[in-house]
Structures are given as structure tokens and as C-alpha cells.
Trainee: 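Take a look at the following structure, please.
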Amino acid sequence: YTDSVVIETSGVYIIGADSSNTIINPGDSSSSTVYGIYAVNQTGLTIRNLRITNAKTGIHFQGVTNSLIENNTIDYCGDNGYGIYLYLGSSNNIVQNNYIYKTYNACYVYFSQSNSNVIQNNVLKDNYSGFYLQSASYNLFKNNLVMGCTGSDAFNISGDYNIFYN
């Protein structure tokens with residue numbers, strides 16, 4: 001698929017056969033408005049078994065709750081772009097078993113209301129930075145592998161009561 005996927009209703013499932021066969025490639029990682037998956041103020045979404053490549057942001061959730069991002073490959077997101085971006089009230093989500101490669105910020109949990117997410121069993125490889133939390137609290141990071149950060153820390157954290165363990 002060669003365009004952004006915009007989700008405008010709750011309860012949507014986007015499930016590919018696997019990440020080598022089901023590819024979303026919007027093709028312009030330099031444009032700030034090019035997303036692989038884009039959802040605002042939705043609940044109960046499932047994003048599974050996809051490859052998202054050449055987007056500014058692979059998966060952008062804003063105000064999305066009670067959703068699942070699982071078994072995806074996200075790669076080659078642009079300068080100052082994001083692999084997975086949980087923003088403005090994206091809470092109670094599960095982000096698991098994803099492979100994020102060669103993006104700027106691999107997993108970015110941003111703003112004070114993006115709380116109580118579970119981020120587990122992900123591999124973040126050769127990105128500029130690994131996990132970046134800004135004013136986000138009560139998130140659980142479990143069994144994630146971060147390696148080869150080229151510019152920033154593997155973990156850049158601002159917020160309270162976040163838990164990290166392997």
C-alpha cells in the first residue's frame with residue numbers, strides 16, 4: 001500500500017499476513033505529514049503483522065486508548081521522525097513484539113496523559129534514540145532490547161513511576 005492509512009473509527013483491526021508480505025510504504029519520510037498508520041481519539045484498535053517503511057512516523061496514536069500494536073516491522077522513518085509515537089492521552093495500550101530499525105526516535109511516549117502503557121518484547125536497533133518519554137507516567141517497559149543508538153540515549157525519560165525491567 002503506498003499511502004497513509006488514516007483510522008477514523010474505533011474498533012478497527014488492521015492485520016497483515018506477516019511483515020514481509022503486508023507493507024505500508026507512503027514513500028516520503030521527509031514530509032512531516034506522512035504516516036504509516038494515523039489514528040486520533042479512537043479506542044480498541046489492533047495494528048498487527050505489518051511492515052511500515054519510508055514514513056515520517058510509522059504509527060501515530062493521538063488520544064488512542066485500549067489498543068494493541070503487535071508484531072510489526074517499522075523501518076526507515078525520516079529525520080526527526082518516529083517509529084511508534086504515543087501522544088496526548090494515548091493510554092492503556094500494549095506495544096509488543098515489534099522490530100523498529102533505522103528510525104530517528106524508535107518509540108516515543110509523549111505528554112502527561114500518555115500513561116499506563118505496556119511496552120514489551122520489542123527490538124529497537126540502529127535508531128538515533130531508543131525509548132523517549134516526555135512527561136509520561138506509569139508505563140511498564142519489560143524485556144525490550146535496545147542496541148546501536150547512534151545519537152542519543154537508549155532511554156531518555158521525563159515522567160514519574162515508569163517501570164523498566166528485563
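On a predicted model such as this, the values are computed, not experimentally measured, just so you know.
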Trainee: What's the separation between atom OH in Tyr76 and atom OG1 in Thr103, rounded to the nearest 0.5 Å?
Mentor: 11.0 Å
Trainee: Could you tell me whether Tyr87 and Phe61 have their ring centroids closer than 6.0 angstrom?
Mentor: no
Trainee: Keeping the roles fixed (side chain from Asn166, backbone from Asn143), state whether a donor-acceptor pair exists under 3.5 Å.
Mentor: yes
Trainee: Rounded to the nearest 0.5 Å, what separation is found between the CD1 atom of Ile94 and the CG atom of Asn66?
Mentor: 9.0 Å
Trainee: Mind listing the closest non-hydrogen atom pair of Gly130 and Cys149 along with its distance?
Mentor: N-SG, 3.6 Å
Trainee: May I ask you to test the Leu86-Asn117 pair for a side-chain heavy-atom distance under 4.5 Å?
Mentor: yes
Trainee: How far does CD1 of Ile119 sit from CG of Asn139, to the nearest 0.5 angstrom?
Mentor: 5.0 Å
Trainee: So Gln120 and Asn97, do their side chains get closer than 4.5 Å, heavy atoms only?
Mentor: no
Trainee: Would you sort out whether Val5 and Ile14 count as a side chain to side chain contact (heavy atoms under 4.5 Å, CB included), showing the intermediate values?
Mentor: CA-CA 10 Å; Val5 175; Ile14 300 176; 3.7 Å; yes
Trainee: Any side-chain heavy-atom pair from Thr73 and Ile52 closer than 4.5 angstrom?
Mentor: no
Trainee: Start with the C-alpha distance between Ile84 and Asn105, add both sets of side-chain angles, then the distance that settles side chain to side chain contact (heavy atoms under 4.5 Å, CB included), and finish with yes or no.
Mentor: CA-CA 8 Å; Ile84 297 174; Asn105 289 300; over 6 Å; no
Trainee: Which pairs pass salt bridge (Lys or Arg N to Asp or Glu O under 4.0 Å) with one or both residues in residues 121-145, sequence neighbours excluded?
Mentor: none
Trainee: Of the non-hydrogen atoms in Ser67 and Gly44, which two are nearest, and what is the gap between them?
Mentor: OG-N, 3.3 Å
Trainee: Could you grab the distance from atom CG of Asp18 to atom CG of Asn71, nearest 0.5 Å is fine?
Mentor: 10.0 Å
Trainee: Tell me, which pairs form a side-chain hydrogen bond (donor to acceptor under 3.5 Å, both in side chains) where one or both residues lie in residues 36-47, sequence neighbours left out?
Mentor: Ser10-Gln42, Thr43-Thr65
Trainee: For the pair Tyr128 and Tyr104, name the ring-plane relationship: parallel under 30°, tilted 30 to 60°, perpendicular over 60°.
Mentor: parallel
Trainee: For residues Ile47 and Ile7, determine if any side-chain heavy atom of one lies less than 4.5 Å from a side-chain heavy atom of the other.
Mentor: yes
Trainee: Quick check: closest heavy atoms across Ser19 and Leu50, and the distance to 0.1 Å?
Mentor: CB-O, 3.3 Å
Trainee: If we check side-chain hydrogen bond (donor to acceptor under 3.5 Å, both in side chains) with Asn72, which of these qualifies: Asn122, Thr22, Asn98?
Mentor: Asn98
Trainee: Would you indicate whether the side-chain heavy atoms of Leu133 and Phe141 approach each other to under 4.5 Å?
Mentor: yes
Trainee: From Phe131 CZ over to Asn162 CG, what is the distance, rounded to the nearest 0.5 angstrom?
Mentor: 11.5 Å
Trainee: Over all heavy atoms of both residues, which pair between Gly83 and Ile100 is shortest? Give the atoms and the distance, please.
Mentor: CA-CG2, 4.2 Å
Trainee: At their closest point, which heavy atom of Ser137 faces which heavy atom of Asn115, and how far apart are they?
Mentor: N-OD1, 2.7 Å
Trainee: Please collect all salt bridge (Lys or Arg N to Asp or Glu O under 4.0 Å) contacts where either partner lies in residues 46-55, sequence neighbours excluded, each pair once.
Mentor: Arg48-Glu70, Arg51-Asp75
Trainee: If you group Ile, Leu, Val, Met, Phe, Trp and Tyr by side-chain heavy-atom gaps below 4.5 Å, do Tyr132 and Leu88 land in one group?
Mentor: yes
Trainee: Would you say Val12 ends up clustered with Ile37 if hydrophobic residues are merged whenever their side chains have heavy atoms under 4.5 Å apart, either directly or through other cluster members?
Mentor: yes
Trainee: Which atom names give the shortest non-hydrogen contact between Ser114 and Ala136, and what distance separates them?
Mentor: O-CB, 3.5 Å
Trainee: Does the side chain of Ile69 reach to within under 4.5 Å of the side chain of Gln96, using non-hydrogen atoms?
Mentor: no
Trainee: To the closest 0.5 Å, what do you measure between CG (Asn93) and CG (Leu68)?
Mentor: 9.0 Å
Trainee: Under 6.0 Å from the CZ atom of Phe164, do we count more than 12 heavy atoms belonging to anything else shown?
Mentor: yes
Trainee: With a 6.0 Å cut-off on ring centres, are Tyr35 and Tyr85 close enough?
Mentor: no
Trainee: Val64 vs Leu45, test: side chain to side chain contact (heavy atoms under 4.5 Å, CB included). Steps then yes/no.
Mentor: CA-CA 8 Å; Val64 173; Leu45 305 179; 3.9 Å; yes
Trainee: Say whether Met147 and Leu124 are linked into one hydrophobic cluster, either directly or through other cluster members, by side-chain heavy-atom distances under 4.5 angstrom.
Mentor: no
Trainee: Taking it one step at a time, do Ile24 and Thr53 satisfy side chain to side chain contact (heavy atoms under 4.5 Å, CB included)?
Mentor: CA-CA 6 Å; Ile24 297 172; Thr53 188; over 6 Å; no
